[in-house]
Amino acid sequence: MTYLDDRIWISELPDHVGETVRLAGWVYNRRSSGKIQFILLRDGSSRVQCVVSPDDVGDEKFAELDRVTMESSVWVRGTVREDKRAPSGVEVTIHDFGIIALAAEYPIQKKDHGVDFLLDHRHLWLRSARQETVMRVRSTAEEAVHDFFRERGYLRVDAPIFTPAACEGTTTLFETDYFGDSAYLSQSGQLYNEAAAAALGRVYCFGPTFRAEKSKTRRHANEFWQVEPEAAFMDLDGCIELAEGLICRMVTDVLEKRRPELDSLERDVSKLENVEPPFPRITYAEALELLSEKGITVDDKEGFGAEDETVLGESFDKPVVVHRYPHWCKAFYMKRDPDDDELTLSMDIIAPEGYGEIVGGSQREDDYETLLKRIDEHNLPPESLEWYLDLRRYGAAPSSGFGMGLDRTVAWITGVKHIRETLPFPRLLNRIYP
RNA sequence: UCCCCAGUAGCUCAAUCGGCAGAGCGUCCGGCUGUUAACCGGCAGGUUGUAGGUUCAAGUCCUACCUGGGGAGCCA
C-alpha cells in the first residue's frame with residue numbers, strides 16, 4: 001500500500017479525530033523551533049498544520065525535514081488531534097513522512113507581490129489561499145447555473161467557437177485562419193441559441209467568448225465566460241424574470257455552500273443576503289431621470305458611461321434592471337417596443353457596488369421584413385445571416401434571451417476588485433502568458 | 001486609440017537640492033521544544049527597463065522608445 005491508496009483529504013480530518021491517517025499534499029510553509037517543527041500542508045481540499053518532534057519520528061527523520069522546501073510534495077502519517085490553537089480546530093502530530101518531490105526555490109513568497117509578477121506566475125499564484133478560494137466560489141457559481149437551468153427545463157446546447165462572421169457587427173473580433181478562409185472567435189452564442197431554441201424550446205449555452213477590444217479596466221477580459229439562455233415563446237418580462245432568478249440562485253447557492261470562503265475573502269455578506277426577487281425595474285428614461293436628480297446629465301448620443309452605471313448600481317441595495325434602451329445603442333436583432341419605435345425590448349442588469357453590467361438581454365425581432373431592414377441599417381452582410389433569417393421564414397416565434405458574464409458576476413459575489421482574479425488564466429490586453 | 005502613473009538585488013521598496021547603491025523578505029550557514037507572513041545572528045546577492053542628451057558628476061534632469069499598472073471608450 002502506498003500513499004496513493006490510503007491517504008485521506010485534509011478537509012475530512014475533523015471526522016478522524018484520534019485516528020492515525022495519511023495525507024498527501026504540498027508544504028506551503030514550514031516553521032522550526034529547533035526541536036519542534038510545524039509543517040503547513042495543503043492538498044487542494046483544505047490546509048492543516050502538522051507538528052513534528054524528534055521524539056515521534058527519530059533524530060534522523062527529523063533532520064531530513066530541513067531539506068523540505070516550500071511547495072515540496074510530501075506524504076505524512078500522523079494522529080489527528082483537536083487543538084484550540086489551530087484556526088481549523090485540528091492538527092496532525094506526525095509519526096512518519098516521505099518526500100515525494102523537493103521543490104526548487106519557490107518564486108511566490110509570503111510577503112506581498114506586485115500584480116505584474118503574480119500574473120506572470122499565475123500557474124503558481126493559483127496555489128495561494130485567496131486564489132484557491134475564489135476558484136472554489138467560481139465553481140459553485142457555475143454549478144448553480146447548471147442546476148438552475150436544468151430545474152427549469154432548459155437544455156444545454158453548446159454554441160460554436162469558430163464563427164464565419166460577426167454576431168453583432170460592432171465589436172472587434174479575433175480573426176483566425178480556417179483552412180485558408182477567415183473565421184472569427186465567437187463573441188456570443190446568441191444567434192445560434194435562437195436556432196437551438198426553435199428546435200428545443202428552452203436552451204442555454206455556457207462557454208468562453210472573445211472580444212478583441214483593447215479594454216483596460218477591472219471589468220474586462222478578452223476571453224470571458226458567458227451564460228446565454230434563449231427561450232421560444234418568451235417575452236421581455238419573462239426574460240427579466242429568468243435573469244433575476246438566475247442571479248438569485250447563484251448568490252444563494254454560494255452563500256449556502258461557500259460561506260467560509262466568503263468570510264475568508266472578507267466579503268460583506270450582508271450585501272448579498274438581500275439579493276432576492278424582485279429586483280427594482282426602471283426604464284432607460286427613468287434611469288436618466290434618476291441620474292439627473294443626482295446632478296448627472298447623460299449625453300443623448302452617448303448613453304450611460306461607467307461612472308453613470310456605478311451611480312445607478314449604488315442607488316439600489318440589489319441588482320437593478322434597466323429596460324427599454326433606445327435602439328441606437330443596441331444590437332440589430334433586438335425587437336422594437338410596439339409602444340415606442342425609438343425603444344427596444346431590451347434590458348441590462350447592473351450589479352451593486354460598482355461591478356457594472358452583468359446581464360444584457362432582449363426580446364428578438366421575429367418579423368422577417370423588419371429584421372432584413374435592421375440588417376441593412378447596421379450595414380451587415382445579409383448573405384452571412386441567411387441562416388438566421390431562415391428562423392423567421394420557417395415558423396417565426398417570439399424569442400428572448402440574455403447573456404450573463406460569469407466572471408463579472410463572480411467578481412461581484414466574491415468582492416474581488418478585478419475580473420482577472422476570477423479567471424484561472426485571464427486573457428487580458430497584452431497578456432496571454434501563461 | 002486617448003489620459004494619468006511606475007520601471008533600482010529573486011520579491012517588495014528606499015536613496016534629501018544632481019554628490020560613495022541601501023533595507024526588509026527570500027536563498028544559504030548557525031541558533032531556538034508551540035510557531036501562526038514565527039523569531040534571533042551571519043554570508044552572498046546590482047549593466048538602476050532600453051537608446052541618446054545635459055553636466056566635473058545622473059537612479060535622480062531632458063528626449064525618444066519598450067514594458068507594465070490605473071482609468072476612459074466599448075461591452076458581459
Side-chain angles (χ1 to χ4, degrees), chain A residues 28-40 47-56 62 66-67 69-71 81 83-88 91 93 103-121 128-129 167-168 170-172 187-190 206 208-228 243 247 299 302-310 325 329-331 348-351 354-361 402-412 417-420 422-423 428-431 433:
Chain A
Y28 74 91
N29 201 4
R30 189 165 62 88
R31 289 185 279 265
S32 167
S33 283
K35 289 291 182 285
I36 185 168
Q37 293 209 33
F38 303 92
I39 302 222
L40 305 186
R47 291 162 188 249
V48 71
Q49 173 162 285
C50 304
V51 187
V52 198
S53 155
D55 300 341
D56 298 320
F62 190 78
D66 287 336
R67 296 167 53 216
T69 48
M70 211 168 150
E71 286 301 318
R81 218 166 16 76
D83 195 312
K84 289 200 177 74
R85 288 168 293 191
S88 69
E91 276 189 358
T93 303
E105 188 182 340
Y106 193 63
I108 298 180
Q109 294 159 12
K110 287 161 283 181
K111 292 279 180 175
D112 290 334
H113 291 282
V115 181
D116 187 34
F117 179 83
L118 289 171
L119 285 172
D120 280 343
H121 295 82
S128 59
C167 289
E168 308 175 25
T170 54
T171 326
T172 317
Q187 59 183 326
S188 166
Q190 201 248 288
F206 191 0
T209 47
F210 309 85
R211 306 253 167 113
E213 290 288 341
K214 296 199 170 177
S215 303
K216 281 187 72 172
T217 80
R218 70 185 67 169
R219 298 182 306 281
H220 290 87
N222 294 290
E223 177 182 306
F224 64 100
W225 282 65
Q226 257 193 135
V227 184
E228 295 176 279
I247 291 170
D299 190 307
E302 296 283 328
F304 298 146
E307 182 58 35
D308 307 328
E309 255 182 18
T310 301
Y325 282 76
C329 65
K330 286 291 175 183
D348 286 356
I349 299 183
I350 297 166
Y355 285 92
E357 185 186 338
I358 52 173
V359 164
F402 62 85
M404 187 203 66
L406 176 76
D407 325 285
R408 276 191 194 172
T409 305
V410 171
W412 163 54
K417 288 182 213 73
H418 202 297
I419 196 172
R420 66 187 166 215
T422 70
L423 283 146
L428 307 167
L429 185 61
N430 299 327
R431 191 179 281 286
Y433 178 92

Heavy atoms only, 4.0 Å cut-off, all strands: where does R431(A) land among base, sugar-phosphate and nothing? sugar-phosphate
Can you figure out which of U1(B), G34(B), A76(B) approaches the side chain of D83(A) most closely? G34(B)
Using a heavy-atom cut-off of 4.0 Å across all strands, would you classify R47(A) as base, sugar-phosphate, or nothing? nothing
Distance check needed: G34(B) C1' versus K35(A) NZ, whole Å only. 15 Å
Using the P atom on both, measure A76(B) against G7(B) and round to a whole Å. 37 Å
The answer to which of N430(A) and A221(A) contacts RNA chain B further toward the 5' end, by nearest nucleotide, is N430(A)
Partner lookup for U35(B), please. Criteria are Watson-Crick or G-U wobble with both distances under 3.5 angstrom; report none if nothing qualifies. none
Send over the distance from N222(A) CG to A76(B) P, rounded to a whole Å. 15 Å
Heavy atoms from C-beta onward define the side chain here; which of A76(B), G34(B), C75(B) lies closest to that of R219(A)? C75(B)
Is any side-chain N of the basic residue among R431(A) and D120(A) closer than 4.0 Å to the acidic one's carboxylate O? yes
Under a 4.5 Å cut-off applied to non-hydrogen side-chain atoms, are F224(A) and L406(A) in contact? no
Rounded to the nearest angstrom, tell me the gap between atom CG in D308(A) and atom P in C74(B). 10 Å
Heavy atoms of L119(A) and R420(A) approach each other most closely as CD1-CD, 3.9 Å
May I ask you to say what T209(A) touches in the nucleic acid, namely base, sugar-phosphate or nothing, with a heavy-atom cut-off under 4.0 Å? nothing
Counting only Watson-Crick pairs (N1-N3 plus N6-O4 or O6-N4) and G-U wobbles (N1-O2, O6-N3), all under 3.5 Å, who is the partner of U63(B)? A51(B)
Whole-Å distance between U35(B) P and L40(A) CG? 14 Å
Evaluate whether the aromatic ring of F38(A) and the six-membered ring of the G34(B) base sit under 5.5 Å apart, centre to centre, with an inclination under 30°. no
Would you mind telling me which of G34(B), A76(B), G71(B) lies closest to the side-chain atoms of R218(A)? G71(B)
How would nucleotides 7-14 of chain B be written as a contact map, 5' to 3', with B for base contact, S for sugar-phosphate-only contact and - for no contact, using protein heavy atoms under 4.0 Å? ---BSS--
Whole angstrom is fine here: how far is it from CG in D55(A) over to P in U33(B)? 11 Å
Quantified in whole Å, what is the P atom distance between nucleotide G45(B) and nucleotide C13(B)? 24 Å
Side-chain donor-acceptor contact under 3.5 Å, Q226(A) with S188(A): no
For L429(A) and A72(B), what is the distance between atoms CG and P respectively, to the nearest whole Å? 14 Å
Using a cut-off of 4.0 Å on non-hydrogen atoms, how would the nucleic acid contact of T217(A) be classed: base, sugar-phosphate, or nothing? base
Any N or O donor-acceptor pair under 3.5 Å from the base of C75(B) to the side chain of S215(A)? no
Hey, does the side-chain of Q37(A) have a donor or acceptor N/O within less than 3.5 Å of a partner on the base of G34(B)? no
Should the side chain of K216(A) and the base of G69(B) be counted as holding a donor-acceptor pair, with the cut-off at 3.5 Å? yes
For Q49(A), report the nucleic acid contact type (base, sugar-phosphate, nothing); a contact means any heavy atom under 4.0 Å. base
Which nucleotide in the set G34(B), U35(B), G68(B) lies at the smallest distance from any side-chain heavy atom of D116(A)? G68(B)
Hey, does E228(A) reach any base, or is it just sugar-phosphate, or nothing, if we go heavy atoms under 4.0 Å? nothing
Would you check if the side chain of E228(A) reaches a backbone N or O of G189(A) as a donor-acceptor pair within less than 3.5 Å? yes
Would you indicate whether the side-chain heavy atoms of I419(A) and T422(A) approach each other to under 4.5 Å? yes
Figure out the NE2/C1' separation between H220(A) and G70(B), and round it to whole Å. 15 Å
Give a yes or no answer on whether the side chain of S32(A) reaches the backbone of Q37(A) with a donor-acceptor pair at less than 3.5 Å. no
Under 4.0 Å, counting only non-hydrogen atoms across every strand here, what does H121(A) touch: a base, just sugar-phosphate, or nothing? nothing
Got E223(A) and D407(A) here, is their nearest side-chain heavy-atom distance under 4.5 Å? no
If we take the P atom in both U60(B) and G19(B), what is their distance in whole Å? 11 Å
Residue whose closest nucleotide on RNA chain B lies nearer the 5' end, S33(A) versus I349(A): S33(A)
Please check this pair: side chain of R47(A) against backbone of L40(A), looking for a donor-acceptor N/O pair closer than 3.5 Å. no
In whole angstrom, give the distance that lies between atom CE of M70(A) and atom P of C28(B). 12 Å
Classify the nucleic acid contact of V227(A) as base, sugar-phosphate or nothing, counting any heavy atom under 4.0 Å across all strands shown. nothing
Going by heavy atoms in the side chains, are F304(A) and Y325(A) under 4.5 Å from each other? yes
Pair of N/O donor and acceptor under 3.5 Å linking C75(B) base with R408(A) side chain: yes
Tell which nucleotide pairs with A23(B), taking only Watson-Crick or G-U wobble pairs whose two distances are both under 3.5 angstrom. U12(B)
